[in-house]
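Data first, discussion second: the structure below is written as structure tokens.
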Number of protein chains: 2
Amino acid sequence: MDPAVVGRRVRALREERGISLSTLARLAGVGKATLSGLEHGTRNPTLETLWAVTAQLGVPLTAVLAEPAATPTVHGAAVTATLLEVFTDADATYELYRMRVAPGPGQLSPAHQPGVTEHVTVFAGVLRAGPADAPLTAPAGGHLRWVSDVPHSYTAVGDEEVAASLLLRYPRR
Amino acid sequence: MDPAVVGRRVRALREERGISLSTLARLAGVGKATLSGLEHGTRNPTLETLWAVTAQLGVPLTAVLAEPAATPTVHGAAVTATLLEVFTDADATYELYRMRVAPGPGQLSPAHQPGVTEHVTVFAGVLRAGPADAPLTAPAGGHLRWVSDVPHSYTAVGDEEVAASLLLRYPRR
DNA sequence: GGCTGTCGTTCCATAAACGGAACAGTCAAG
DNA sequence: CTTGACTGTTCCGTTTATGGAACGACAGCC
């Protein structure tokens, strides 16, 4: 992470709108010194400060945070998954992944916590996945679901790479 | 913006991974007091702190900041859907949505082109959806699938808002 | 020339976020 | 029961982010 990048984006957004540092500081209710240091990357701003500034600029917080696009969390050799979204409700937290499974030998993943379930919707290719001792198979358009508190596997059937969405559901304890 | 929401997400992500507050604090190189206060929402964390924690959790900063809100394409009164991804392969085009259905009267959507299918995975709440004359019902964790070349409906059963993922499959003609 | 306004930076006392240590609570082993 | 390792919270001294004030620089105007 690079605070200088965040600072450059804030400054760029401010100058796009043609307002001065002094004015933005006053509107956002932060000190000029704070905003100056933030734009220079010489400070380590507080969430509250960054929020006040970006809200006044009319952009979401995420617009100024330097993100390496996505976060390719490589599960292993055959599977690559990128986290699309995390959300929580009263009963559970969910992680939604976009998943690709390369053809060839599959991949084994260790067990998760008790009660965790996985939900897969296959976009393309044919996927065999589920508990390692009893995997299920789904073609494009199909859907799989299993309790993943045991070791489980992902395998692409045939030569085509599998594209799917993977939803991990973690019940609240 | 609500620091308590950020804190809840951090805690949820940590507990999903089954690691203790003490361990995460040590791995992320922050104090336990800092992490405790962050999870409770009683602190106003620094970007550096939040970055260290989320990086250790393996999620982007945006995952804990309360604003995904990329492209809200409001289907109508009861249903709001945000497009997460578009995917095309040799046979079809897919659109993956995150969908919310508000409790109360449902919503009717007109027919799509012939051959279009919808696949819904319910995360929370109970959803009744499908062809208007023969809707299907699925609880949290359930999955629905229908050919949507006829008018179809979405209705939340009960008082709870429904969260779901919606996959639209458009066959290539 | 002086005067006035605004620009962005720097100085500085205050407030608060920080990490380490001490704390009570829980669980398992002996 | 005692011990030990662990949990998460709270206390507290240190570090640092904060906002107001002072600063020099520049522009327009008299």
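Residue numbers start from 1 in every chain, and the chains themselves are labelled A, B, ... in the order their sequence lines are given, proteins ahead of strands.
- As a whole-Å value, the separation of A:Leu38 CG from C:dT9 C1' is 15 Å.
- For C:dA17, neither phosphate oxygen OP1 nor OP2 lies less than 4.0 angstrom from any side-chain nitrogen or oxygen of B:Thr49.
- Looking at heavy-atom distances under 4.0 Å, A:Thr42 makes no contact with the nucleic acid at all.
- Remark: A:His143 engages B:His143 in a ring pair (Phe, Tyr, Trp, His ring centres under 6.0 Å) (not counting sequence neighbours).
- Between D:dA17 and A:Thr46, no contact under 4.0 Å exists linking OP1 or OP2 to a side-chain N or O.
- To the nearest 0.5 Å, the span separating CG on B:Leu166 from CZ on B:Arg100 amounts to 14.0 Å.
- D:dA17 atom P lies 8 Å from atom CD of B:Glu48, rounded to whole Å.
- Here the C1' atom of nucleotide C:dG8 and the CG atom of A:Leu35 are 10 Å apart, to the nearest Å.
- As a member of the Ile/Leu/Val/Met/Phe/Trp/Tyr network built from side-chain separations under 4.5 Å, B:Val157 groups with B:Val126.
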Would you list the atom pairs, donor with acceptor, under 3.5 Å between side chains in residues 114-124 of chain B and any protein atom, with sequence neighbours excluded?
| unit_1 | atom_1 | unit_2 | atom_2 | d |
| --- | --- | --- | --- | --- |
| B:Thr117 | OG1 | B:His119 | NE2 | 3.2 |
| B:Glu118 | OE1 | B:Tyr154 | OH | 2.6 |
| B:Glu118 | OE2 | B:His112 | ND1 | 3.4 |
| B:Glu118 | OE2 | B:His152 | NE2 | 2.8 |
| B:Glu118 | OE2 | B:Tyr154 | OH | 3.4 |
| B:His119 | ND1 | A:Gly141 | O | 3.0 |

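- The CG-C1' distance, from A:Leu27 to C:dT6, rounds to 15 Å in whole Å.
- Under a 4.5 Å side-chain heavy-atom cut-off, the cluster of Ile, Leu, Val, Met, Phe, Trp and Tyr residues that includes A:Val147 has no other member.
- Using a 4.0 Å heavy-atom cutoff across all strands shown, A:Arg14 reaches sugar-phosphate atoms only and no base atom.
- Separating the CG atom of A:Leu24 from the P atom of C:dC7 is a distance of 11 Å, rounded to the nearest angstrom.
- Counting to the nearest Å, the C1' atom of C:dC18 and the CG atom of B:Leu47 are 15 Å from each other.
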For residues 38-46 of chain B, run the donor-acceptor check on the side chains, cut-off 3.5 Å, and write out each pair with its distance to 0.1 Å, sequence neighbours left out.
| unit_1 | atom_1 | unit_2 | atom_2 | d |
| --- | --- | --- | --- | --- |
| B:Glu39 | OE1 | B:Arg11 | NE | 2.5 |
| B:Glu39 | OE1 | B:Arg11 | NH2 | 2.7 |
| B:Glu39 | OE1 | B:Arg14 | NH2 | 3.0 |
| B:Glu39 | OE2 | B:Arg14 | NE | 2.7 |
| B:Thr42 | OG1 | B:Gly37 | O | 3.4 |
| B:Asn44 | OD1 | A:Glu48 | N | 3.0 |
| B:Asn44 | ND2 | A:Glu48 | OE1 | 3.1 |

Could you list, one pair per line, each protein nitrogen or oxygen that sits under 3.5 Å from a nitrogen or oxygen of nucleotides 9-12 of chain D, together with the distance?
| unit_1 | atom_1 | unit_2 | atom_2 | d |
| --- | --- | --- | --- | --- |
| D:dT9 | OP1 | B:His40 | NE2 | 2.4 |
| D:dT9 | OP2 | B:Arg11 | NH2 | 3.4 |
| D:dT9 | OP2 | B:Ser36 | OG | 2.9 |

